[in-house]
*Asks:* 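This is the structure I want to talk about, given as structure tokens.
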Amino acid sequence: MFNEVVVYGSGVLLLIGALFTLLAAVGVLRFPDLYTRMHAASKAGAVGGGLILLVVALMSQDASIAIRAIIGIVFLLLTTPVSAHLLAKASLGAGYKPWGETVADETVTIASNRPVAE
Amino acid sequence: MNAALFMEWATLIALVMLALALALSVVRIVLGPSLPDRVLALDLLTVVAMGFIGTIAIRTGFWLYVDIAIALALLGFLATVALARYIMLRRDTARDGEGP
């Protein structure tokens with residue numbers, strides 16, 4: 001009985017995770033510039049991949065596999081924001097401008113308020 | 001509908017959705033006007049491939065695929081970091097697409 005509940009719950013979680021990943025890909029395809037695409041790729045992508053790994057941990061019924069899958073989730077949640085932030089910082093530094101209709105560019109005010117002395 | 005049949009259908013639908021996500025990421029890599037767009041789409045591609053491998057592990061019961069998924073996540077992170085360093089270092093050279 002409990003096993004059945006786990007299997008049905010895992011199936012629903014798997015479908016939700018795959019849907020999040022698909023929406024991340026749709027967002028990366030449809031959004032207008034790099035900095036908006038990054039929202040879809042890093043947030044929805046990480047949640048989708050993490051949910052699928054969580055389903056692997058639930059379905060395996062084995063402690064060693066489950067711990068490995070949970071380590072994968074933690075690793076994904078740690079590295080995805082880091083890589084997205086690094087890519088945004090690198091492309092801003094390289095001079096790729098945001099989309100023309102972006103209303104707030106806080107990097108300009110931060111750069112002008114920064115003390116010059118190093 | 002019993003549990004095994006439900007899981008078979010759920011993994012099948014999830015595989016179809018993930019394959020569609022892979023195709024859309026590849027479209028963005030081909031279209032992507034600038035280099036950071038392509039790097040971002042490649043990063044998403046590794047995450048989607050990781051989910052695909054995890055779903056195949058659930059469907060077939062070969063749980064060793066989880067290790068491949070974790071290794072792929074590590075590889076994708078390192079590739080994105082290296083390409084971000086590359087974008088940072090080539091700021092003075094000629095750019096493609098919509099760069100200034």
Side-chain angles (χ1 to χ4, degrees), chain A residues 3-8 10-15 17-19 21-26 28-30 33-34 37-38 40-42 45-46 48-53 55-57 59-60 62 64-65 68-69 71-72 75-76 78-80 82-84 86-91 93-97, chain B residues 2-4 6-7 9-11 13-18 20-25 27-28 31-32 34-37 39-41 43-45 47-48 50-52 54-55 57-58 61 63-67 69-70 73-74 76-77 80-81 83-91 95 98-100:
Chain A
N3 204 5
E4 297 251 317
V5 172
V6 168
V7 169
Y8 283 116
S10 311
V12 173
L13 275 181
L14 179 68
L15 289 177
L19 189 64
T21 317
L22 178 60
L23 288 179
V26 171
V28 166
L29 189 64
R30 293 279 298 156
D33 74 338
L34 171 71
R37 278 172 201 147
M38 206 164 265
S42 60
L51 276 179
I52 292 174
L53 279 181
V55 174
V56 171
M59 285 293 291
S60 66
D62 183 358
S64 64
I65 309 285
R68 264 181 268 172
I71 285 174
F75 180 80
L76 198 67
L78 282 179
T79 57
T80 311
V82 173
S83 63
L86 197 60
L87 187 61
K89 202 168 158 58
S91 47
Y96 292 99
K97 293 277 184 292
Chain B
N2 63 347
F6 172 74
M7 207 58 204
W9 275 103
T11 48
I13 296 169
L15 282 177
V16 169
M17 282 200 258
L18 289 167
L20 203 56
L22 279 174
L24 293 180
S25 307
V27 168
R28 175 48 71 194
L31 287 181
S34 63
L35 178 64
D37 287 316
V39 175
L40 183 71
D43 189 27
L44 181 67
L45 195 73
V47 173
V48 176
M50 200 192 73
F52 203 89
T55 312
I58 296 165
W63 299 107
L64 272 178
Y65 278 125
V66 179
D67 297 342
I70 293 172
L74 179 66
F77 172 63
T80 309
V81 170
L83 286 167
R85 292 286 299 169
Y86 171 64
I87 292 168
M88 208 183 290
L89 290 177
R90 81 194 264 279
R91 67 177 71 183
R95 292 191 187 89
E98 64 183 11

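Residue numbering restarts at 1 for every chain, and letters A, B, ... go by the order of the sequence lines. Quick caveat, the model's predicted, so the values are computed rather than measured.
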*Asks:* Do the non-hydrogen side-chain atoms of Phe52(B) and Ile52(A) ever get within less than 4.5 Å of each other?
*Replies:* no
*Asks:* Mind listing the closest non-hydrogen atom pair of Pro36(B) and Leu34(A) along with its distance?
*Replies:*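 For Pro36(B) and Leu34(A), the tightest heavy-atom pair comes out as CB-CD2, 3.4 Å.
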*Asks:* Can you measure from OG1 (Thr79(A)) to CG (Leu74(B)) and round to the nearest 0.5 angstrom?
*Replies:*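 Those atoms lie 8.5 Å apart.
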*Asks:* Given that the side chain runs from C-beta out, which part of Leu15(B) has a heavy atom under 4.5 Å from chain A: side chain, backbone, both or neither?
*Replies:* neither
*Asks:* Please look at Leu44(B) and chain A and tell me whether the side chain, the backbone, both or neither of the residue comes under 4.5 angstrom of a heavy atom of that chain.
*Replies:*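 When you check distances to chain A, only side chain atoms of Leu44(B) fall under 4.5 Å.
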*Asks:* Would you give the length of the straight line joining atom CG of Leu83(B) to atom OG of Ser91(A), rounded to the nearest 0.5 angstrom?
*Replies:* 12.0 Å
*Asks:* Is it the side chain or the backbone of Leu53(A) that comes within 4.5 Å of chain B heavy atoms, both, or neither?
*Replies:* side chain
*Asks:* By a 4.5 Å heavy-atom criterion (distance strictly below it), what part of Leu19(A) contacts chain B: side chain, backbone, both, or neither?
*Replies:* both
*Asks:* Which heavy atom of Val56(A) sits nearest a heavy atom of Gly54(B), and at what distance?
*Replies:*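 Where Val56(A) meets Gly54(B) most closely, the heavy atoms are CG2-O, 3.6 Å.
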*Asks:* Under a 4.5 Å heavy-atom cut-off, does chain B meet the side chain of Ser10(A), its backbone, both or neither?
*Replies:* both
*Asks:* Would you say that Thr80(A) contacts Phe77(B) through its side chain, given a criterion of any heavy-atom pair below 4.5 Å between the two side chains?
*Replies:*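 Contact flag for Thr80(A)/Phe77(B) side chains = no.
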*Asks:* Using side-chain heavy atoms (C-beta onward) and a distance below 4.5 Å, is Asp43(B) in contact with Ser83(A)?
*Replies:*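 Yes. Closest side-chain heavy atoms under 4.5 Å.
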*Asks:* Going by heavy atoms in the side chains, are Leu29(A) and Val27(B) under 4.5 Å from each other?
*Replies:*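 The answer is yes, as the side chains (C-beta and beyond) meet within the 4.5 Å cut-off.
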*Asks:* Show the nearest heavy-atom pair for residues Val28(A) and Ala41(B), with the distance to one decimal.
*Replies:* CG1-CB, 4.5 Å
*Asks:* Please classify the contact of Thr55(B) with chain A as side chain, backbone, both or neither, using a heavy-atom distance under 4.5 Å.
*Replies:* both
*Asks:* So, for Phe6(B) and Val7(A), which heavy atoms are closest and what is the spacing to 0.1 Å?
*Replies:* CE2-O, 4.3 Å
*Asks:* Taking side chain as everything from C-beta outward and backbone as N, CA, C, O, which of these in Ile58(B) sits under 4.5 Å from a heavy atom of chain A? Side chain, backbone, both or neither.
*Replies:*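 Side chain only.
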*Asks:* Taking C-beta and beyond as the side chain, do Leu40(B) and Met38(A) meet within less than 4.5 Å on heavy atoms?
*Replies:*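 Result yes, sub-4.5 Å side-chain heavy-atom pair found.
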*Asks:* What part of Val66(B) gets closer than 4.5 Å to chain A, counting heavy atoms only: side chain, backbone, both or neither?
*Replies:* side chain
*Asks:* Would you call Met7(B) and Leu14(A) a side-chain contact if the rule is heavy atoms closer than 4.5 Å?
*Replies:* yes
*Asks:* For Tyr96(A) and Ser34(B), which heavy atoms make the closest approach, and how far apart are they?
*Replies:* CE2-CB, 3.8 Å
*Asks:* At a heavy-atom separation under 4.5 Å, does Leu76(A) approach chain B through its side chain, its backbone, both, or neither?
*Replies:* side chain
*Asks:* Looking at Ala25(A) and Ser25(B), what are the two nearest heavy atoms and their distance?
*Replies:*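 Here Ala25(A) and Ser25(B) meet closest at CB-OG, 4.0 Å.
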*Asks:* Which distance, rounded to the nearest 0.5 Å, do you find between the CD1 of Ile70(B) and the CZ of Arg68(A)?
*Replies:*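 Between atom CD1 of Ile70(B) and atom CZ of Arg68(A) there are 7.5 Å.
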*Asks:* Pair Trp63(B), Met59(A) - check side-chain contact (heavy atoms from CB on, under 4.5 Å), show working.
*Replies:* CA-CA 10 Å; Trp63(B) 299 107; Met59(A) 285 293 291; 3.8 Å; yes
*Asks:* Assess whether side-chain contact (heavy atoms from CB on, under 4.5 Å) is satisfied between Lys89(A) and Met88(B), documenting all intermediate values.
*Replies:* CA-CA 8 Å; Lys89(A) 202 168 158 58; Met88(B) 208 183 290; 5.5 Å; no
